[in-house]
2 protein chains.
Amino acid sequence: MVEKPAVRPGGRSARVQRAVHEAVITLDKEVPRDRLSVPLIAERAGVTPSTIYRRWGNLKELLADVAAERLQPDTPVADTGSLEGDLIAWAGEYMEEMTSTPGQQMLADTLGSTSLEQRQRCLQAQRHQLQLILSRAEARGETPLPTVERLLDGVMAPLTYRLSYAPQSLSKDNLAQWIAATLR
Amino acid sequence: MVEKPAVRPGGRSARVQRAVHEAVITLDKEVPRDRLSVPLIAERAGVTPSTIYRRWGNLKELLADVAAERLQPDTPVADTGSLEGDLIAWAGEYMEEMTSTPGQQMLADTLGSTSLEQRQRCLQAQRHQLQLILSRAEARGETPLPTVERLLDGVMAPLTYRLSYAPQSLSKDNLAQWIAATLR
DNA sequence: TCCTCTAACGCAAAATATTTGCTTTAAAGC
DNA sequence: GCTTTAAAGCAAATATTTTGCGTTAGAGGA
(Lines give C-alpha, C1' and ligand atoms only; values in the text may rest on other atoms or scores of the structure.)
Protein backbone atom coordinates (compact mmCIF):
# COMPACT_ATOMS: atom_id res chain seq x y z
CA MET A 1 0.00 0.00 0.00
CA VAL A 2 2.50 2.61 1.10
CA GLU A 3 5.73 2.15 -0.75
CA LYS A 4 8.70 4.24 -1.76
CA PRO A 5 7.14 7.22 -3.50
CA ALA A 6 9.63 7.39 -6.35
CA VAL A 7 10.39 4.05 -7.91
CA ARG A 8 11.04 5.54 -11.28
CA PRO A 9 12.65 8.80 -10.32
CA GLY A 10 13.35 10.01 -13.83
CA GLY A 11 10.13 10.94 -15.46
CA ARG A 12 6.40 10.99 -15.15
CA SER A 13 6.39 9.45 -11.71
CA ALA A 14 8.55 12.21 -10.32
CA ARG A 15 6.50 14.88 -12.05
CA VAL A 16 3.31 13.55 -10.51
CA GLN A 17 4.89 13.44 -7.08
CA ARG A 18 6.03 17.03 -7.36
CA ALA A 19 2.69 18.20 -8.71
CA VAL A 20 0.79 16.50 -5.90
CA HIS A 21 3.12 17.79 -3.17
CA GLU A 22 2.86 21.31 -4.54
CA ALA A 23 -0.90 21.04 -4.79
CA VAL A 24 -1.09 20.03 -1.14
CA ILE A 25 1.12 22.91 -0.04
CA THR A 26 -0.70 25.61 -1.97
CA LEU A 27 -4.17 24.28 -1.19
CA ASP A 28 -3.29 24.06 2.48
CA LYS A 29 -2.90 27.82 2.42
CA GLU A 30 -6.15 28.40 0.57
CA VAL A 31 -8.71 26.14 2.19
CA PRO A 32 -9.43 25.21 5.80
CA ARG A 33 -7.99 21.88 6.82
CA ASP A 34 -11.24 19.98 6.93
CA ARG A 35 -11.94 20.96 3.31
CA LEU A 36 -8.69 19.51 2.05
CA SER A 37 -9.66 16.37 0.16
CA VAL A 38 -8.00 13.96 -2.22
CA PRO A 39 -10.22 14.89 -5.18
CA LEU A 40 -9.45 18.56 -4.59
CA ILE A 41 -5.72 17.93 -4.46
CA ALA A 42 -5.91 15.69 -7.51
CA GLU A 43 -7.68 18.35 -9.54
CA ARG A 44 -5.15 21.02 -8.62
CA ALA A 45 -2.28 18.69 -9.41
CA GLY A 46 -3.82 17.76 -12.75
CA VAL A 47 -4.05 14.14 -11.78
CA THR A 48 -6.74 11.53 -11.22
CA PRO A 49 -7.79 10.80 -7.63
CA SER A 50 -7.12 7.12 -8.09
CA THR A 51 -3.51 7.96 -8.81
CA ILE A 52 -3.18 9.47 -5.35
CA TYR A 53 -5.02 6.64 -3.64
CA ARG A 54 -2.90 4.04 -5.40
CA ARG A 55 0.33 5.76 -4.53
CA TRP A 56 -0.24 7.10 -1.03
CA GLY A 57 -3.13 5.00 0.23
CA ASN A 58 -5.10 7.80 1.83
CA LEU A 59 -5.08 11.48 2.67
CA LYS A 60 -3.45 11.00 6.05
CA GLU A 61 -0.40 9.27 4.62
CA LEU A 62 -0.09 11.82 1.85
CA LEU A 63 -0.15 14.67 4.34
CA ALA A 64 2.43 12.90 6.49
CA ASP A 65 4.66 12.47 3.46
CA VAL A 66 4.37 16.12 2.50
CA ALA A 67 4.96 17.27 6.06
CA ALA A 68 8.05 15.10 6.44
CA GLU A 69 9.33 16.51 3.18
CA ARG A 70 8.79 20.06 4.34
CA LEU A 71 10.54 19.31 7.61
CA GLN A 72 13.72 18.46 5.77
CA PRO A 73 16.09 21.38 6.29
CA ASP A 74 16.47 23.56 3.25
CA THR A 75 18.54 26.37 4.71
CA PRO A 76 21.99 25.75 6.20
CA VAL A 77 22.38 26.33 9.92
CA ALA A 78 23.61 29.80 10.77
CA ASP A 79 27.12 30.02 12.19
CA THR A 80 27.01 32.32 15.20
CA GLY A 81 30.50 31.57 16.43
CA SER A 82 29.62 29.38 19.39
CA LEU A 83 27.91 26.07 20.04
CA GLU A 84 25.39 27.62 22.38
CA GLY A 85 24.63 30.38 19.92
CA ASP A 86 24.20 27.98 17.02
CA LEU A 87 21.83 25.84 19.05
CA ILE A 88 19.74 28.78 20.14
CA ALA A 89 19.57 30.08 16.58
CA TRP A 90 18.70 26.77 15.00
CA ALA A 91 16.29 25.42 17.61
CA GLY A 92 14.80 28.87 18.00
CA GLU A 93 13.94 29.03 14.33
CA TYR A 94 12.46 25.55 14.52
CA MET A 95 10.39 26.58 17.54
CA GLU A 96 9.21 29.68 15.76
CA GLU A 97 8.14 27.71 12.73
CA MET A 98 6.42 24.98 14.69
CA THR A 99 4.37 27.19 16.94
CA SER A 100 2.70 28.78 13.91
CA THR A 101 -0.60 27.34 12.74
CA PRO A 102 0.83 25.65 9.64
CA GLY A 103 3.72 24.37 11.75
CA GLN A 104 1.38 22.85 14.31
CA GLN A 105 -0.47 21.23 11.46
CA MET A 106 2.70 19.73 10.00
CA LEU A 107 3.62 18.34 13.38
CA ALA A 108 0.20 16.77 13.77
CA ASP A 109 0.41 15.34 10.26
CA THR A 110 3.70 13.59 10.88
CA LEU A 111 2.90 12.42 14.40
CA GLY A 112 -0.56 11.25 13.42
CA SER A 113 0.47 8.95 10.62
CA THR A 114 0.58 5.23 11.14
CA SER A 115 3.87 4.61 9.39
CA LEU A 116 6.95 5.24 11.48
CA GLU A 117 8.90 5.90 8.30
CA GLN A 118 8.13 9.60 7.93
CA ARG A 119 8.93 10.30 11.56
CA GLN A 120 12.26 8.56 11.21
CA ARG A 121 13.06 10.81 8.28
CA CYS A 122 12.44 13.83 10.51
CA LEU A 123 14.54 12.43 13.34
CA GLN A 124 17.34 11.68 10.92
CA ALA A 125 17.24 15.24 9.64
CA GLN A 126 17.42 16.63 13.18
CA ARG A 127 20.32 14.34 14.02
CA HIS A 128 22.09 15.48 10.91
CA GLN A 129 21.66 19.17 11.66
CA LEU A 130 22.84 18.74 15.23
CA GLN A 131 25.83 16.74 14.05
CA LEU A 132 26.75 19.61 11.76
CA ILE A 133 26.54 22.10 14.58
CA LEU A 134 28.66 19.86 16.80
CA SER A 135 31.29 19.39 14.11
CA ARG A 136 31.69 23.12 13.79
CA ALA A 137 32.02 23.44 17.55
CA GLU A 138 34.66 20.75 17.52
CA ALA A 139 36.56 22.54 14.76
CA ARG A 140 36.52 25.66 16.90
CA GLY A 141 38.05 23.68 19.73
CA GLU A 142 35.06 24.06 22.04
CA THR A 143 35.06 21.52 24.84
CA PRO A 144 33.54 19.51 26.38
CA LEU A 145 31.05 18.64 23.67
CA PRO A 146 27.75 16.85 24.33
CA THR A 147 26.68 13.93 22.16
CA VAL A 148 23.93 14.26 19.59
CA GLU A 149 21.71 11.97 21.66
CA ARG A 150 22.20 14.19 24.68
CA LEU A 151 21.09 17.21 22.67
CA LEU A 152 18.07 15.31 21.39
CA ASP A 153 17.03 14.31 24.90
CA GLY A 154 17.91 17.59 26.56
CA VAL A 155 16.74 20.11 23.97
CA MET A 156 14.70 18.68 21.10
CA ALA A 157 12.65 16.36 23.31
CA PRO A 158 11.30 19.00 25.72
CA LEU A 159 10.81 21.34 22.78
CA THR A 160 8.83 18.78 20.82
CA TYR A 161 6.91 17.67 23.88
CA ARG A 162 5.70 21.18 24.52
CA LEU A 163 5.05 21.87 20.87
CA SER A 164 2.53 19.08 20.99
CA TYR A 165 1.06 19.40 24.46
CA ALA A 166 1.39 23.04 25.44
CA PRO A 167 2.68 25.20 22.57
CA GLN A 168 1.43 28.40 24.21
CA SER A 169 3.75 27.79 27.16
CA LEU A 170 6.90 27.93 25.02
CA SER A 171 9.32 30.82 25.06
CA LYS A 172 12.85 31.59 23.96
CA ASP A 173 13.84 31.71 27.62
CA ASN A 174 12.66 28.19 28.02
CA LEU A 175 14.71 27.06 25.10
CA ALA A 176 17.82 28.89 26.27
CA GLN A 177 17.54 27.20 29.65
CA TRP A 178 17.31 23.72 28.18
CA ILE A 179 20.32 24.42 26.02
CA ALA A 180 22.36 25.87 28.85
CA ALA A 181 21.51 22.97 31.15
CA THR A 182 22.39 20.43 28.50
CA LEU A 183 25.76 22.02 27.75
CA ARG A 184 26.65 22.20 31.42
CA MET B 1 -18.63 21.12 15.22
CA VAL B 2 -16.54 19.79 18.07
CA GLU B 3 -18.09 20.66 21.38
CA LYS B 4 -18.08 19.29 24.87
CA PRO B 5 -19.06 15.65 24.43
CA ALA B 6 -21.45 15.51 27.36
CA VAL B 7 -23.79 18.46 27.56
CA ARG B 8 -26.54 16.46 29.16
CA PRO B 9 -24.60 14.04 31.28
CA GLY B 10 -27.57 12.32 32.80
CA GLY B 11 -29.26 10.22 30.20
CA ARG B 12 -29.34 9.25 26.58
CA SER B 13 -26.45 11.46 25.63
CA ALA B 14 -24.16 9.75 28.11
CA ARG B 15 -25.33 6.32 27.03
CA VAL B 16 -24.53 7.09 23.42
CA GLN B 17 -21.11 8.38 24.35
CA ARG B 18 -20.31 5.25 26.31
CA ALA B 19 -21.64 2.96 23.59
CA VAL B 20 -19.59 4.71 20.92
CA HIS B 21 -16.41 4.72 22.98
CA GLU B 22 -16.81 1.04 23.75
CA ALA B 23 -17.51 0.26 20.13
CA VAL B 24 -14.30 2.00 19.11
CA ILE B 25 -12.26 0.13 21.69
CA THR B 26 -13.58 -3.33 20.88
CA LEU B 27 -13.56 -2.82 17.12
CA ASP B 28 -10.00 -1.54 17.28
CA LYS B 29 -9.01 -4.98 18.52
CA GLU B 30 -10.98 -6.79 15.84
CA VAL B 31 -10.30 -4.97 12.62
CA PRO B 32 -7.16 -3.46 11.09
CA ARG B 33 -6.91 0.27 11.55
CA ASP B 34 -7.65 1.22 7.98
CA ARG B 35 -10.92 -0.70 8.14
CA LEU B 36 -12.18 1.22 11.15
CA SER B 37 -14.90 3.50 9.81
CA VAL B 38 -17.65 5.65 11.28
CA PRO B 39 -20.47 3.51 9.84
CA LEU B 40 -18.86 0.40 11.32
CA ILE B 41 -18.51 1.99 14.73
CA ALA B 42 -22.04 3.34 14.55
CA GLU B 43 -23.47 -0.07 13.79
CA ARG B 44 -21.63 -1.69 16.68
CA ALA B 45 -22.72 1.05 19.04
CA GLY B 46 -26.33 0.76 17.92
CA VAL B 47 -26.35 4.32 16.71
CA THR B 48 -26.78 6.19 13.44
CA PRO B 49 -23.62 7.42 11.67
CA SER B 50 -24.98 10.94 11.57
CA THR B 51 -25.07 10.94 15.35
CA ILE B 52 -21.33 10.39 15.41
CA TYR B 53 -20.64 12.96 12.72
CA ARG B 54 -22.79 15.53 14.46
CA ARG B 55 -21.16 14.97 17.79
CA TRP B 56 -17.50 14.36 16.98
CA GLY B 57 -17.16 15.87 13.52
CA ASN B 58 -15.09 13.10 11.99
CA LEU B 59 -13.33 9.83 12.72
CA LYS B 60 -10.04 11.49 13.60
CA GLU B 61 -11.55 13.58 16.37
CA LEU B 62 -13.49 10.63 17.71
CA LEU B 63 -10.36 8.52 17.88
CA ALA B 64 -8.50 11.34 19.60
CA ASP B 65 -11.28 11.63 22.15
CA VAL B 66 -11.26 7.91 22.87
CA ALA B 67 -7.48 7.81 23.08
CA ALA B 68 -7.36 10.74 25.49
CA GLU B 69 -9.97 9.01 27.60
CA ARG B 70 -7.96 5.79 27.69
CA LEU B 71 -4.85 7.71 28.64
CA GLN B 72 -6.48 8.94 31.80
CA PRO B 73 -4.94 6.97 34.65
CA ASP B 74 -7.24 4.31 36.07
CA THR B 75 -4.84 2.59 38.45
CA PRO B 76 -3.21 4.41 41.34
CA VAL B 77 0.56 4.84 41.19
CA ALA B 78 2.45 2.11 43.01
CA ASP B 79 4.26 3.15 46.18
CA THR B 80 7.74 1.66 46.07
CA GLY B 81 9.11 3.57 49.02
CA SER B 82 11.27 6.07 47.16
CA LEU B 83 10.81 8.85 44.65
CA GLU B 84 13.17 7.28 42.17
CA GLY B 85 11.47 3.91 42.52
CA ASP B 86 8.03 5.39 42.08
CA LEU B 87 9.11 7.24 38.95
CA ILE B 88 10.70 4.16 37.43
CA ALA B 89 7.62 2.11 38.19
CA TRP B 90 5.14 4.61 36.87
CA ALA B 91 7.01 5.83 33.80
CA GLY B 92 8.12 2.28 33.09
CA GLU B 93 4.56 1.07 32.96
CA TYR B 94 3.66 3.98 30.71
CA MET B 95 6.58 3.15 28.43
CA GLU B 96 5.57 -0.47 28.32
CA GLU B 97 2.03 0.40 27.38
CA MET B 98 2.98 2.96 24.77
CA THR B 99 5.50 0.85 22.91
CA SER B 100 2.84 -1.76 22.19
CA THR B 101 0.97 -1.57 18.92
CA PRO B 102 -2.29 -0.32 20.44
CA GLY B 103 -0.30 2.15 22.55
CA GLN B 104 1.50 3.54 19.52
CA GLN B 105 -1.86 3.91 17.86
CA MET B 106 -3.30 5.81 20.83
CA LEU B 107 -0.34 8.15 20.80
CA ALA B 108 -0.76 8.79 17.09
CA ASP B 109 -4.47 9.37 17.58
CA THR B 110 -3.97 12.04 20.23
CA LEU B 111 -1.01 13.73 18.57
CA GLY B 112 -2.64 13.68 15.16
CA SER B 113 -5.81 15.47 16.11
CA THR B 114 -6.29 19.10 15.27
CA SER B 115 -7.74 20.16 18.57
CA LEU B 116 -5.27 20.84 21.32
CA GLU B 117 -7.92 20.02 23.89
CA GLN B 118 -7.37 16.26 24.05
CA ARG B 119 -3.63 16.63 24.37
CA GLN B 120 -4.05 19.08 27.21
CA ARG B 121 -6.17 16.51 29.00
CA CYS B 122 -3.30 14.03 28.72
CA LEU B 123 -0.73 16.54 29.90
CA GLN B 124 -2.93 17.44 32.84
CA ALA B 125 -3.21 13.78 33.78
CA GLN B 126 0.55 13.35 33.66
CA ARG B 127 1.08 16.45 35.76
CA HIS B 128 -1.41 15.14 38.27
CA GLN B 129 0.24 11.75 38.58
CA LEU B 130 3.67 13.27 38.97
CA GLN B 131 2.37 15.67 41.58
CA LEU B 132 1.04 12.70 43.53
CA ILE B 133 4.39 10.96 43.41
CA LEU B 134 6.14 14.13 44.53
CA SER B 135 3.74 14.65 47.42
CA ARG B 136 4.48 11.19 48.71
CA ALA B 137 8.20 11.83 48.44
CA GLU B 138 7.76 15.06 50.35
CA ALA B 139 5.79 13.23 53.06
CA ARG B 140 8.68 10.79 53.35
CA GLY B 141 11.02 13.70 53.86
CA GLU B 142 13.01 13.10 50.70
CA THR B 143 15.02 16.12 49.62
CA PRO B 144 15.79 17.93 47.44
CA LEU B 145 12.67 17.47 45.34
CA PRO B 146 12.45 18.42 41.66
CA THR B 147 9.48 20.38 40.35
CA VAL B 148 6.79 18.76 38.25
CA GLU B 149 7.93 20.78 35.24
CA ARG B 150 11.46 19.54 35.68
CA LEU B 151 10.21 15.95 35.65
CA LEU B 152 8.15 16.63 32.55
CA ASP B 153 11.13 18.09 30.69
CA GLY B 154 13.68 15.63 32.02
CA VAL B 155 11.73 12.38 31.91
CA MET B 156 8.38 12.52 30.14
CA ALA B 157 9.66 14.65 27.26
CA PRO B 158 12.50 12.36 26.14
CA LEU B 159 10.26 9.37 26.72
CA THR B 160 7.47 10.81 24.59
CA TYR B 161 9.90 12.05 21.95
CA ARG B 162 11.31 8.57 21.50
CA LEU B 163 7.94 6.91 21.67
CA SER B 164 7.03 8.91 18.58
CA TYR B 165 10.26 9.00 16.65
CA ALA B 166 12.21 5.88 17.62
CA PRO B 167 10.18 3.54 19.84
CA GLN B 168 12.45 0.59 19.11
CA SER B 169 15.38 2.44 20.68
CA LEU B 170 13.71 2.67 24.09
CA SER B 171 14.79 0.62 27.07
CA LYS B 172 14.34 0.59 30.83
CA ASP B 173 17.99 1.57 31.15
CA ASN B 174 17.30 4.65 29.14
CA LEU B 175 14.44 5.59 31.35
CA ALA B 176 16.38 4.95 34.55
CA GLN B 177 19.14 7.23 33.30
CA TRP B 178 16.79 10.10 32.55
CA ILE B 179 15.25 9.76 35.97
CA ALA B 180 18.59 9.57 37.78
CA ALA B 181 19.93 12.58 35.87
CA THR B 182 16.80 14.59 36.60
CA LEU B 183 16.88 13.82 40.32
CA ARG B 184 20.54 14.72 40.57
C1' DT C 1 -46.67 14.90 38.76
C1' DC C 2 -47.46 16.83 34.53
C1' DC C 3 -46.34 20.03 30.96
C1' DT C 4 -43.29 22.50 27.95
C1' DC C 5 -39.07 23.18 25.70
C1' DT C 6 -35.09 21.80 23.26
C1' DA C 7 -30.69 19.34 22.51
C1' DA C 8 -29.66 15.20 20.60
C1' DC C 9 -31.03 11.35 17.87
C1' DG C 10 -32.98 8.73 13.81
C1' DC C 11 -33.99 8.37 9.05
C1' DA C 12 -33.33 8.77 4.30
C1' DA C 13 -31.96 11.38 0.29
C1' DA C 14 -28.20 13.88 -1.77
C1' DA C 15 -23.54 14.94 -2.26
C1' DT C 16 -18.72 13.35 -1.94
C1' DA C 17 -15.17 10.38 -1.57
C1' DT C 18 -12.96 5.81 -2.22
C1' DT C 19 -12.16 1.45 -4.49
C1' DT C 20 -11.61 -1.42 -8.42
C1' DG C 21 -11.23 -3.57 -13.09
C1' DC C 22 -9.59 -2.54 -17.26
C1' DT C 23 -7.15 0.34 -20.74
C1' DT C 24 -3.54 3.42 -22.04
C1' DT C 25 0.86 5.74 -21.57
C1' DA C 26 5.62 6.56 -21.01
C1' DA C 27 10.00 5.42 -19.03
C1' DA C 28 13.57 1.63 -18.47
C1' DG C 29 16.45 -1.75 -20.34
C1' DC C 30 17.89 -4.25 -24.02
C1' DG D 1 14.14 1.14 -32.25
C1' DC D 2 11.60 -2.60 -29.69
C1' DT D 3 9.82 -4.85 -25.68
C1' DT D 4 8.37 -4.79 -21.09
C1' DT D 5 6.04 -3.05 -17.23
C1' DA D 6 5.16 0.25 -13.45
C1' DA D 7 2.30 3.90 -13.06
C1' DA D 8 -1.53 6.75 -14.78
C1' DG D 9 -6.17 7.45 -16.71
C1' DC D 10 -10.99 6.41 -16.98
C1' DA D 11 -15.40 5.14 -15.40
C1' DA D 12 -18.48 2.14 -12.92
C1' DA D 13 -19.39 0.29 -8.42
C1' DT D 14 -19.14 1.09 -3.38
C1' DA D 15 -18.74 3.46 0.67
C1' DT D 16 -18.76 7.43 3.35
C1' DT D 17 -20.23 12.00 4.69
C1' DT D 18 -23.54 15.71 4.79
C1' DT D 19 -28.05 17.62 5.31
C1' DG D 20 -33.04 18.58 6.01
C1' DC D 21 -36.64 17.30 8.65
C1' DG D 22 -39.43 14.58 11.79
C1' DT D 23 -39.08 12.25 16.51
C1' DT D 24 -37.63 11.36 21.23
C1' DA D 25 -36.14 11.73 25.82
C1' DG D 26 -34.32 14.46 29.44
C1' DA D 27 -34.32 19.12 31.86
C1' DG D 28 -36.65 22.58 34.22
C1' DG D 29 -40.66 24.99 35.78
C1' DA D 30 -45.62 25.28 37.30
Side-chain angles (χ1 to χ4, degrees), chain A residues 1-24 27-28 30-66 69 109 112-115 117, chain B residues 1-24 27-28 30-66 69 109 112-115 117:
Chain A
M1 184 150 296
V2 175
E3 50 213 9
K4 281 279 166 26
V7 176
R8 289 181 172 192
R12 180 167 63 162
S13 205
R15 270 202 310 281
V16 167
Q17 158 137 350
R18 254 201 314 282
V20 170
H21 274 221
E22 279 169 19
V24 169
L27 278 173
D28 198 21
E30 297 175 15
V31 306
R33 226 349 147 73
D34 58 340
R35 289 294 161 201
L36 200 60
S37 68
V38 171
L40 189 65
I41 294 166
E43 187 189 12
R44 177 66 61 97
V47 146
T48 292
S50 64
T51 293
I52 294 182
Y53 288 118
R54 285 217 161 92
R55 200 143 145 192
W56 282 277
N58 56 50
L59 180 59
K60 193 153 92 175
E61 295 305 318
L62 169 57
L63 292 177
D65 181 34
V66 173
E69 177 74 27
D109 289 343
S113 115
T114 307
S115 82
E117 190 187 340
Chain B
M1 184 154 297
V2 175
E3 51 212 8
K4 278 279 168 24
V7 176
R8 289 183 171 188
R12 181 168 59 162
S13 205
R15 271 202 310 282
V16 167
Q17 159 138 350
R18 252 201 315 284
V20 170
H21 274 222
E22 279 170 18
V24 169
L27 278 173
D28 197 21
E30 297 176 15
V31 305
R33 227 350 148 71
D34 58 341
R35 289 294 160 200
L36 201 61
S37 68
V38 171
L40 189 65
I41 294 166
E43 187 189 12
R44 177 66 62 97
V47 147
T48 292
S50 65
T51 294
I52 295 183
Y53 287 117
R54 285 218 160 90
R55 198 141 146 196
W56 282 277
N58 55 49
L59 179 59
K60 192 153 92 175
E61 294 305 318
L62 169 58
L63 292 178
D65 181 33
V66 173
E69 178 75 27
D109 289 343
S113 113
T114 307
S115 82
E117 189 188 341

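Protein chains get the first letters and strands the later ones, always in sequence-line order, with residue 1 at the start of each.
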Would you mind reading off the distance between [X] atom [atom1] and [N] atom [atom2], rounded to a whole angstrom?
| X | N | atom1 | atom2 | value |
| --- | --- | --- | --- | --- |
| R15(A) | dT25(C) | CZ | C1' | 11 Å |
| Q17(A) | dA7(D) | CD | P | 12 Å |
| R54(A) | dT19(C) | CZ | P | 10 Å |
| N58(B) | dA17(C) | CG | P | 14 Å |
| W56(B) | dA8(C) | CH2 | P | 11 Å |
| R18(B) | dA8(C) | CZ | C1' | 16 Å |
| R35(A) | dA15(C) | CZ | C1' | 12 Å |
| E43(A) | dA17(C) | CD | C1' | 14 Å |

**Q.** Whichever of S50(B) and L59(A) has its nearest DNA chain C nucleotide further upstream toward 5'
**A.**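 In this pair, the answer is S50(B).
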Q: Would you indicate whether the side-chain heavy atoms of V66(B) and D109(B) approach each other to under 4.5 Å?
A: no
Q. Just by modelled atom types, is the S50(A) backbone N or O under 3.5 Å from a matching donor or acceptor in the T48(A) side chain?
A.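 No, the answer is negative, given that no donor and acceptor are paired below the 3.5 Å cut-off.
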Q: Ignoring backbone atoms, establish whether S37(A) has a side-chain N or O less than 4.0 Å from OP1 or OP2 of dA17(C).
A: yes
Q) Under 4.0 Å between a side-chain N/O of T51(A) and OP1 or OP2 of dG9(D), yes or no? A)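 Affirmative; the distance criterion is met.
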Q.
Of the listed nucleotides (dG9(D), dC9(C), dA17(C)), which one gets closest to any side-chain atom of R55(B)?
A.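 From the listed options, dC9(C) comes nearest.
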Q. Which nucleotide in the list dA17(C), dA6(D), dC10(D) gets nearest to the side chain of R12(A)?
A.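 Minimum distance to the R12(A) side chain belongs to dA6(D).
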(Q) What I want to find out is whether R44(B) reaches E30(B) closely enough, with some N-O distance under 4.0 Å, to be called a salt bridge. (A) yes
Q: Drop me the distance from R55(B)'s CZ to D65(B)'s CG, to the nearest 0.5 angstrom.
A: 9.0 Å
